[in-house]
Amino acid sequence: MSAYLDALGVICALGQGKRAVLDNLLAGNSPGMRVQAGWLPERSVPVGAVDTELPAMPPGFAERNTRNNRLLLAAALEIEGDIRQAIERHGAQRIGVVLGTSTTGIHEASQGIAALLHDGAFPPEYSYRHQELAAPAAFLADWLQLSGPTYSISTACTSSGRALLSARRLLDLGVCDAVLCGGVDSLCGLTLNGFDALEALSDETCNPFSRQRKGINIGEGAALFLMTREPSASAAPIALLGAGASSDAHHISAPEPTGRGALLAMRTALKSAALDAGQIDYLNLHGTATTQNDAMESLAVAELFPEGVPCSSSKPLSGHTLGAAGALEAAFCWLCLGLGNRDSLLPPQVWDGLVDPALPRLNLVAPGSVASRPLRYLMSNSFAFGGNNVSLILGLVEPEGGA
């Protein structure tokens, strides 16, 4: 059974809304990627920040006012019409909500704790609910008055990739007729200081697969899909055709160096989609620009695609959005397939071009590159702490329903 991705709302450092995000993605331009002070003691670092003003919380939801929820609301408002139509068609009890997140409202929670330590009392706006992992999914379900299954997934950088996989499972099991799925994460000091403590944070724009790569940039954003069992009226609907997950449990933070778990996730996704590696038109790499991640991903991709595959990392443009990364980068694939990309332009690799001789050579997309054939099947990788790996395949489905 196909899981159709009928609608998408998206906001990140590349912009707000589908058209702005796609245009900047294909141009290799990111208005929100900039150096900011205040996140780390006595140090400024590049972050992928959302520049636009976020919507106010709906009436009656003032106690849920976190940046994370407002990012999610911005994505949801973009497709509110599609959501309301799905509610009218299927009923509120048949629509689920599955979201990935890692920060939830920890930024506001940490501000409250800082006030407690300084003043001896929490500020009036503090609520423990802000930092609960279920907070974004619960907010969205309550705002829309949905009563289907509602939960969040937090598996670090694969969180929202797994949310899409879980949403498809809810459809396959007949538990839901539609699922709002995706991910959201906001910038916060806890995250940046944590990655800095791991010596994984770069003082420059991240530089995936370069011999001079120095680590990641953190970003924020939200991507929200409406996933259904039946396609919309689109002449060429887009579906989640395949998904693969693995857990090699190699180390709490370092990836398995040979790429074994990553390779298993990609192979499982291909098998799930009934595709061969040679049918993949483009691969969105996890590509964090850390020494170990890029090395293992290069090995896994080179083994799976011995003839090469056009690929790039979008993290120099979006930043690493952590719990939102899997859904956001799947959204980039969705946009390339379905938003008037008639020229089949590919997202470019933004880097210094200095090849690391220790890594297998990948077919990294140069700026302005056009696919050698019309885009149909795109893959996106997400790899996380603890050896947690997810690979997704999005594709165009023929109007008659054949893949």
Side-chain angles (χ1 to χ4, degrees), residues 100 102 153-166 169 195 198-200 206 208-211 213 215-216 240-280 282-315 320 322-323 325-326 329-330 333 355-364 377-394:
S102 64
I153 293 175
S154 189
T155 53
C157 310
T158 60
S159 300
S160 54
R162 284 189 171 271
L164 266 66
L165 192 157
S166 291
R169 189 170 293 126
F195 276 96
L198 291 173
E199 300 181 348
C206 69
F209 302 97
S210 167
R211 66 173 179 260
R213 62 191 186 278
I216 70 173
L240 177 62
L241 297 178
S246 69
S247 183
D248 56 63
H250 170 73
H251 187 271
I252 193 170
S253 59
E256 200 283 325
T258 69
R260 179 186 60 190
L263 184 60
L264 177 59
M266 289 189 285
R267 282 179 169 158
T268 303
L270 286 169
K271 183 178 180 180
S272 172
L275 294 174
D276 297 324
Q279 293 176 269
I280 300 299
Y282 165 76
L283 169 62
N284 183 283
L285 298 159
H286 186 56
T288 59
T290 62
T291 300
Q292 295 180 54
N293 180 85
D294 286 7
M296 78 85 184
E297 188 171 15
S298 294
L299 291 171
V301 171
E303 183 169 343
L304 185 64
F305 299 96
E307 304 302 318
V309 62
C311 55
S312 63
S313 169
S314 47
K315 287 184 172 64
H320 192 343
L322 306 176
E329 292 167 24
C333 293
V355 174
D356 187 341
L359 304 185
R361 189 72 176 265
L362 301 182
N363 183 14
L364 297 172
Y377 303 119
L378 309 187
M379 176 183 278
S380 182
N381 284 342
S382 298
F383 309 128
F385 286 168
N388 198 304
N389 311 292
V390 170
S391 187
L392 305 175
I393 297 175
L394 278 63

Side chain to side chain contact (heavy atoms under 4.5 Å, CB included) assessment of L378 paired with N284: CA-CA 8 Å; L378 309 187; N284 183 283; over 6 Å; no
F195 side chain reached by L322 side chain, heavy atoms, under 4.5 Å: yes
Least distance between heavy atoms, T155 atom then S159 atom: N-OG, 2.8 Å
Aromatic plane relationship, H320 with H286 - under 30° parallel, 30 to 60° tilted, over 60° perpendicular: perpendicular
Close side-chain approach of C157 and S382, heavy atoms under 4.5 Å: no
T258 vs L263, side chain to side chain contact (heavy atoms under 4.5 Å, CB included): CA-CA, chis, key distance, verdict: CA-CA 9 Å; T258 69; L263 184 60; over 6 Å; no
H250 to A254 - nearest heavy-atom pair and separation: CD2-O, 3.6 Å
Side-chain heavy atoms of F305 within contact of N363, under 4.5 Å: no
Using atom types as modelled, flag every donor-acceptor pair under 3.5 Å from a side chain in residues 387-394 to any protein atom, sequence neighbours excluded.
{"unit_1": "N388", "atom_1": "OD1", "unit_2": "T158", "atom_2": "OG1", "d": "2.9"}
{"unit_1": "N388", "atom_1": "OD1", "unit_2": "R162", "atom_2": "NE", "d": "2.9"}
{"unit_1": "N388", "atom_1": "OD1", "unit_2": "R162", "atom_2": "NH2", "d": "3.4"}
{"unit_1": "N389", "atom_1": "ND2", "unit_2": "S246", "atom_2": "OG", "d": "3.0"}
{"unit_1": "N389", "atom_1": "ND2", "unit_2": "D248", "atom_2": "OD2", "d": "3.1"}
{"unit_1": "N389", "atom_1": "ND2", "unit_2": "G387", "atom_2": "O", "d": "3.0"}
{"unit_1": "S391", "atom_1": "OG", "unit_2": "N381", "atom_2": "OD1", "d": "3.0"}

Minimum heavy-atom distance between T290 and A200, given as atom pair plus value: CG2-O, 4.3 Å
Heavy-atom closest pair, residues A243 and S272: N-OG, 3.5 Å
L362 side chain near E297 side chain, heavy-atom distance below 4.5 Å: no
Contact check, side chains of L304 and V309, non-hydrogen atoms, under 4.5 Å: no
Under the salt bridge (Lys or Arg N to Asp or Glu O under 4.0 Å) test, residues paired with R260 that sit two or more places apart: none
Contact check, side chains of L364 and C311, non-hydrogen atoms, under 4.5 Å: yes
M266 and V301, any side-chain heavy atoms less than 4.5 Å apart: yes
D294 and T288, any side-chain heavy atoms less than 4.5 Å apart: yes
